[in-house]
Amino acid sequence: MIRTAIAATALLLAAPAASPALGQSQQEALDARYDRALAAGYKALMLCSAIVSSEATGMGARTPESVHEWELAGIQQPLNAIVRELPYEIVREAEEVGARINRVEVTWADDMPPRVARHNPGSGCAVWPIGMKPLEWASPNLQDYRSPALAFAPPEPRVSTVRPIREAAFDGTYGQGSRTTVVLISKDAKFVDWGGAPGFGPFTPQRTWSVAKSIAATLVGAAVHRGDADVQGSLGLGGGNLADPRHAITIDQALRMASGRYSDTPGNRTDPLYWGGTTVDERAQNWPLIARPGSVYRYANNDTLAAVKAIEGTFAANAPNDVIFAMGMEDTVAETDWQDNYILSSQVWTTANDLAKFGQLYLNDGNLPSGERILPEGWVQYVSKPSGPQPDGPFGYGAGFWLMNKSDGVPPDTFAAFGNRGQYVVIVPSRNVVIVRRGEDPVGARFDIAAFTRDVLAALES
């Protein structure tokens with residue numbers, strides 16, 4: 001193994017002292033230590049996933065400096081104040097140029113092993129539990145990703161009616177402080193225009209965050225089409241005990257964020273799983289019921305994770321990454337926890353090019369360009385129908401997709417995949433348009449996707 005050790009700044013100290021600082025309670029000291037461990041896990045995973053996924057495309061590798069500038073800037077507190085200071089090592093399989101990354105280690109305490117994100121060829125990177133020691137072993141010689149599908153590659157940016165709108169996406173017009181990385185617009189299955197920030201383009205992988213939930217819903221749809229799943233069937237919670245009221249929760253209710261379950265943090269925060277190294281089984285499956293299933297909307301990572309677990313028995317024959325590849329998303333990888341449970345609430349890395357193809361799949365009513373159907377007839381209507389309890393705010397919710405049915409200037413059939421830090425895939429069936437916007441928006445900044453969609457559609461009609 002070849003190590004590249006890097007101290008992020010000259011201020012790197014080993015760790016907080018074991019005893020609480022003056023004026024700091026024992027609980028505050030423990031919380032600070034935990035935050036530091038989470039920040040180290042966040043950094044290890046982001047470095048590993050960003051660099052591995054970009055190297056695999058063959059379209060230009062990301063550097064640690066780029067990841068620090070984009071993925072590791074403007075994140076949630078208190079991690080933001082910690083993450084960039086932590087020293088890290090990138091461990092590769094061999095000395096040769098282009099040797100595959102084995103793992104990334106991030107030091108966070110002088111009395112604990114570094115946090116580790118391990119590269120698992122074929123399924124990206126997984127963060128290991130806090131305290132788990134790095135192990136020296138070689139990755140199996142597996143194919144990791146495929147090269148881009150050039151038949152659907154976007155052209156060079158050109159003058160078009162939407163170009164001024166696309167350029168405005170990068171200058172703060174649609175959100176002060178927002179940081180757009182890529183915009184890609186297609187109509188009638190043809191690319192109209194695209195643009196990228198320096199170092200980013202249509203084939204640059206980024207984390208999808210909650211756009212993964214829409215991918216998860218699509219995997220459920222593929223299982224339904226094969227006859228392997230029923231959205232009205234039980235999630236299988238409660239250990240199979242029919243007396244447990246959670247057994248009544250259906251896959252449909254989970255996709256619609258209406259399971260009725262509780263969790264002790266906002267539903268979009270699953271830090272122990274995402275950065276702490278716990279597993280889906282440990283963290284997502286066991287929360288209690290506090291409302292009748294189907295009666296209350298509560299956005300929850302755990303509901304999507306439970307829906308994916310419900311179809312896990314189909315993965316031996318139809319692994320998620322194989323199904324995603326069959327959709328034509330050749331530079332996309334769904335990652336897992338360290339026990340191989342898919343984290344399809346957030347942990348997918350993909351390109352704007354692949355997300356455009358994802359949107360086109362829905363414009364084609366679940367049919368591939370070859371004509372092969374991979375989603376059931378009526379699935380587009382199913383995911384875009386607000387049949388469950390609805391969230392407060394400007395957008396509705398379907399089954400794994402957000403609904404832009406209340407947005408001025410936007411056709412009411414518009415639905416979309418939304419993700420943290422400004423990830424958007426907007427699908428407009430009545431206009432045969434897909435709009436992809438990728439970003440790394442800092443906490444507190446918000447890109448106005450409704451206004452951007454309105455303006456893009458107006459420009460396309462001019």
Side-chain angles (χ1 to χ4, degrees), residues 161-180 182-188 192-194 208-215 217-218 255-258 267-268 297-299 352 355-356 358-363 365 379-439 441 444-462:
T161 59
V162 300
R163 183 171 182 176
I165 308 302
R166 184 258 294 169
E167 290 177 340
F170 292 86
D171 66 13
T173 297
Y174 293 98
Q176 186 174 5
S178 62
R179 300 199 307 166
T180 299
V182 181
V183 168
L184 194 155
I185 301 161
S186 71
K187 180 176 174 60
D188 300 328
V192 174
D193 201 5
W194 72 270
T208 63
W209 296 96
S210 287
V211 166
K213 293 179 173 66
S214 303
I215 296 173
T218 305
L255 292 177
R256 296 185 185 279
M257 303 295 178
N268 63 337
Y297 174 91
R298 184 177 189 272
Y299 189 84
L355 289 178
F358 177 68
Q360 191 63 42
L361 174 67
Y362 277 88
L363 291 183
D365 193 36
W379 190 255
V380 173
Q381 290 72 30
Y382 168 75
V383 300
S384 61
K385 183 178 180 181
S387 65
Q390 292 297 292
D392 297 330
F395 304 111
Y397 204 79
F401 286 82
W402 291 91
L403 311 180
M404 299 178 70
N405 52 356
K406 298 183 285 185
S407 301
D408 291 341
V410 176
D413 65 343
T414 303
F415 60 106
F418 290 177
N420 186 35
R421 309 208 71 184
Q423 319 309 316
Y424 298 103
V425 184
V426 179
I427 304 164
V428 192
S430 58
R431 303 285 184 86
N432 208 21
V433 168
V434 176
I435 301 168
V436 178
R437 188 268 184 177
R438 310 300 308 270
D441 297 339
R446 183 172 293 276
F447 186 87
D448 191 343
I449 189 60
F452 183 65
T453 299
R454 176 199 65 211
D455 293 349
V456 167
L457 293 177
L460 286 172
E461 294 297 312
S462 63

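- You'll find the side chain of V436 stays beyond 4.5 Å of the side chain of W194, heavy atoms only.
- Side chains of L355 and R438 form a contact here, defined as non-hydrogen atoms less than 4.5 Å apart.
- Side-chain atoms of K406 do not come within 3.5 Å of backbone N or O of G396 as any donor-acceptor pair.
- Checking T453, L184, V183, V456 one by one against R437, the side chain to side chain contact (heavy atoms under 4.5 Å, CB included) holds for a single residue, V183.
- T218 approaches S214 most closely through the heavy-atom pair OG1-O, 2.8 Å.
- Taking a 6.0 Å sphere around CD of E461, one finds it holds more than 12 heavy atoms contributed by other residues, nucleotides or ligands.
- Closest approach of Q360 and V434 over heavy atoms only: N-CG2, 3.8 Å.
- Applying side chain to side chain contact (heavy atoms under 4.5 Å, CB included) to L460 and the options I435, V428, D455, V433 leaves one that passes, V433.
- A donor-acceptor contact closer than 3.5 angstrom links the side chains of R256 and S387.
- Test F401, W379, Y382 against Y362 for ring-ring contact (aromatic ring centres under 6.0 Å, His included) and you get one pass: F401.
- Considering CD1 of I215 and CZ of F358, their distance stands at 5.5 Å, rounded to 0.5 Å.
- Once rounded to the nearest 0.5 Å, the distance linking CZ of R454 with CG of D448 reads 7.0 Å.
- Using a 4.5 Å heavy-atom threshold, the side chains of P411 and L457 count as touching.
- Aromatic ring pairs are classed by plane angle as parallel below 30°, tilted from 30° to 60° and perpendicular above 60°; the pair Y397 and Y299 is perpendicular.
- Side-chain atoms of E167 never come within 3.5 Å of backbone atoms of P164 as a donor-acceptor pair (strictly under, hydrogens ignored).
- Taking all atoms of both residues into account, the shortest heavy-atom contact from V182 to A352 is CG1-CB, 3.7 Å.
- In this structure, D441 and G422 approach most closely via the heavy-atom pair OD2-CA, 3.5 Å.
- Remark: N432 CG to I427 CD1 distance equals 11.5 Å, nearest 0.5 Å.
- Under the 3.5 Å distance criterion, the side-chain polar atoms of S407 are left unmatched by any main-chain donor or acceptor of A450.
- Between W402 and I449, every side-chain heavy-atom pair lies at or beyond the 4.5 Å cut-off.
- Within 6.0 Å of CG in D171 there are more than 12 heavy atoms belonging to other residues, nucleotides or ligands.
- A distance of 14.5 Å separates OG1 in T208 from CZ in F418, rounded to the nearest 0.5 Å.
- In terms of heavy atoms, F415 sits closest to V383 at CE1-CG2, 4.2 Å.
- Aromatic pair F452/Y424: ring centres not closer than 6.0 Å.
- Contact between D193 and R166 at its shortest, heavy atoms only, is OD1-NH2, 3.2 Å.
- Remark: side-chain polar atoms of S178 are not paired, donor with acceptor, to backbone N or O of A445 under 3.5 angstrom.
- Residues R298 and M257 have side chains not in contact (no heavy-atom distance under 4.5 Å, counting atoms from C-beta outward).
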